Chemist: 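Sharing a structure with you now.
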Amino acid sequence: MVLALAVGSGAGLGAIAFRWLIRTFTGALSGSADYAGAGHVANPHVPWLGHWFVLLAPVAAGLAFGPLVQRFAGEARGHGVPEVMYAVARKGGRIPPQVAVVKSLASALCIGGGGSVGREGPIVQIGSALGSTLGGLVRVAEDRMRVLVACGAAGGIAATFNAPLAGVFFAMELILRDFTAESFGMVVLASVTASVIGRSAFGDHPFLHPPAFAVTHLSEYLLFALLGVLAGAVGVGFTRVLYLVEDACDWAWRGPEWARPAAGGLLLGVLLFFLPEMYGVGYPVLEGAVGGGYAIGFLVVLVVAKMAATSLTIGIGGSGGVFAPALFIGAAFGAAYGASAHHVLPGVAGPIGAYGLIGMGAVFAGSARAPITAVIIMFELTGEYTIILPLMTAIVLATGVSRALSTDTVYTLKLRRRGVDLGERPVVDVLAGITVGAVMEPVPSPLEGSLPLAEAAAALARSAHGVLPVVSAEGTYLGIATARSAAETLADGAHDSVPVESIVQLPRSVGAESALSAALADLVGTQGAGLPVLDADHDRLVGWITHQSVLGAMHQAANPDGG
């Protein structure tokens, strides 16, 4: 609980600092608080350039953040959330601490220089990096490290959008991908803490102010249902365009990666020159679409242009999220749909703004396939409960259409292209009734806590799983030491003589009488290292449980006759 509160506090303060950076760089590079809503105006810092300055703003930003990302944190490139999902699924929640600083600067420069991306992906990665860094400092086990990463992600979303519930469900549905009671409670604490800090800086008011809305004709639900179906297809289309453009940029670019954002920034600048509404996140334009301020033809142009601008920003090596662009596309598409419905069925269709709001949630659900998060965040962004039933109708249908059209989401497709499938789940039903004591192995030769690390490293290198238990001189269990931790500590050549107990970790331990199926979830997080089995007093080792021993038990349970 203390760690969750600390991570939430850090994420809230990080969100404040990040938004300040965006305002600062946007003001410096465009001369406006948000150039997307300013139109074709000159930058007062360089008035002699007129509105032609937008050709150079993305180039200048790319020259600043391109080398920064290339030199210090390659993970900061792109939209951020897949990297956090990968860290949780395959790296035990470990995220390099420098990612928080580099991502903050790179994304703020990218958005301030006209990059058509959102701020939610960066703040998720920033908060997650803070959680991982704190977990590393106190040496928590991998399963708890993952929860701290999720706490950081939830806190970032909560503070940035004044949406504590959405932060919780974003973290649970997309980052952790489970809803255990313990992790849920910790994530809630972090989200609430970050939200309180965010509200103290940004105020306590809804992000959007929708028009009054009420369903006057039940037949209008058919219009909402059709909007959900179409928006789901638009969300999938956005995902495919995003990665198609990214592949095209990878194919076309032959120069050094640090120069790619600046070179590609010139192409982005051309797009911004003709359509300045694409500059940065574009919240003023989004609000204009929801408010019914644009004609149908221009709304369609906004949908296509936002897909192109966001895809180009990511493809050239920019840093920023795709959550806000999905909301933007949904708002423009929904408003265009609502305006068209008014022309066809003027006595049935409700306010255009309601269709814009529902389109926002439906397109996000179609691209990210996170229906719970989509419903919650739209409710919190608007504070309007009257749209909840139409919203749920459209989002459920959009999610179904998305699943029918595509296996992956805008987040998981990036991981699948790396060969990572987050949908795999271990089978545990055949382990019913089997205890840990029935399958545990003998205790590996332990290391005494006072043993110099250089000597311990040799023993760790010879160990079967790259991990050994560490005990005191009296034989009391202290924790485990891993070959990876030893190698990282010895890398600088200044820690050869430190005792091995200085790098111990405390993974989840199990008792000999524990159910094997209950221990399996903890074992999965050990990346093949195994888990210590302790006595009833939890201070002495009595055995060790590994993946091999579990596989043997599963085989025996599935083939009791020895087949």
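Please read these numbers as outputs of a predicted model, since none were measured by experiment.
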Chemist: For residues Leu223 and Ala341, report the shortest heavy-atom separation together with the two atoms involved.
Modeler: CD1-CB, 4.4 Å
Chemist: For residues Val41 and Phe53, report the shortest heavy-atom separation together with the two atoms involved.
Modeler: O-CE2, 3.5 Å
Chemist: Determine, step by step, whether Phe328 and Tyr283 satisfy the ring-ring contact (aromatic ring centres under 6.0 Å, His included) criterion, reporting the C-alpha distance in whole Å, the side-chain angles of both residues, the deciding distance to 0.1 Å, and the verdict.
Modeler: CA-CA 8 Å; Phe328 185 109; Tyr283 287 132; 8.9 Å; no
Chemist: Which salt bridge (Lys or Arg N to Asp or Glu O under 4.0 Å) pairs, counting each pair once, include a residue from residues 259-268, with sequence neighbours left out?
Modeler: Asp250-Arg260, Glu257-Arg260
Chemist: Which heavy atom of Val290 sits nearest to which heavy atom of Gly356, and what is that distance?
Modeler: CG2-C, 4.5 Å
Chemist: If we check side-chain contact (heavy atoms from CB on, under 4.5 Å) with Ile395, which of these qualifies: Thr373, Val363, Val375?
Modeler: Val375
Chemist: Does atom CZ (Arg417) have a neighbourhood of more than 12 heavy atoms from anything else shown, all under 6.0 Å?
Modeler: yes
Chemist: As a quick check of understanding, evaluate ring-ring contact (aromatic ring centres under 6.0 Å, His included) for Tyr279 and Phe273, giving each step before the final call.
Modeler: CA-CA 9 Å; Tyr279 197 104; Phe273 178 80; over 10 Å; no
Chemist: At what distance, to the nearest 0.5 angstrom, does CG of Leu391 lie from CD1 of Ile377?
Modeler: 11.5 Å
Chemist: What's the shortest heavy-atom distance between Ser116 and Thr313, and which atoms?
Modeler: N-OG1, 3.1 Å
Chemist: Measure the spacing between CD1 of Ile387 and OH of Tyr355 and express it to the nearest 0.5 Å.
Modeler: 12.5 Å
Chemist: Indicate the atoms forming the closest heavy-atom contact of Ser406 with Val236, along with that distance.
Modeler: CB-CG1, 4.0 Å
Chemist: Is it true that Glu83 and Lys414 have a side-chain N and a carboxylate O under 4.0 angstrom from each other?
Modeler: yes
Chemist: Kindly check if the number of other-residue, nucleotide or ligand heavy atoms within 6.0 Å of CH2 (Trp258) is above 12?
Modeler: no
Chemist: Without hydrogens or angle criteria, can the side chains of Thr399 and Ser402 be said to hold a donor-acceptor pair below 3.5 Å?
Modeler: no
Chemist: Run the ring-ring contact (aromatic ring centres under 6.0 Å, His included) test against Phe298 and tell me which residues pass, sequence neighbours left out.
Modeler: Tyr294
Chemist: Phe323: what forms a ring-ring contact (aromatic ring centres under 6.0 Å, His included) with it, not counting sequence neighbours?
Modeler: Phe161, Phe364
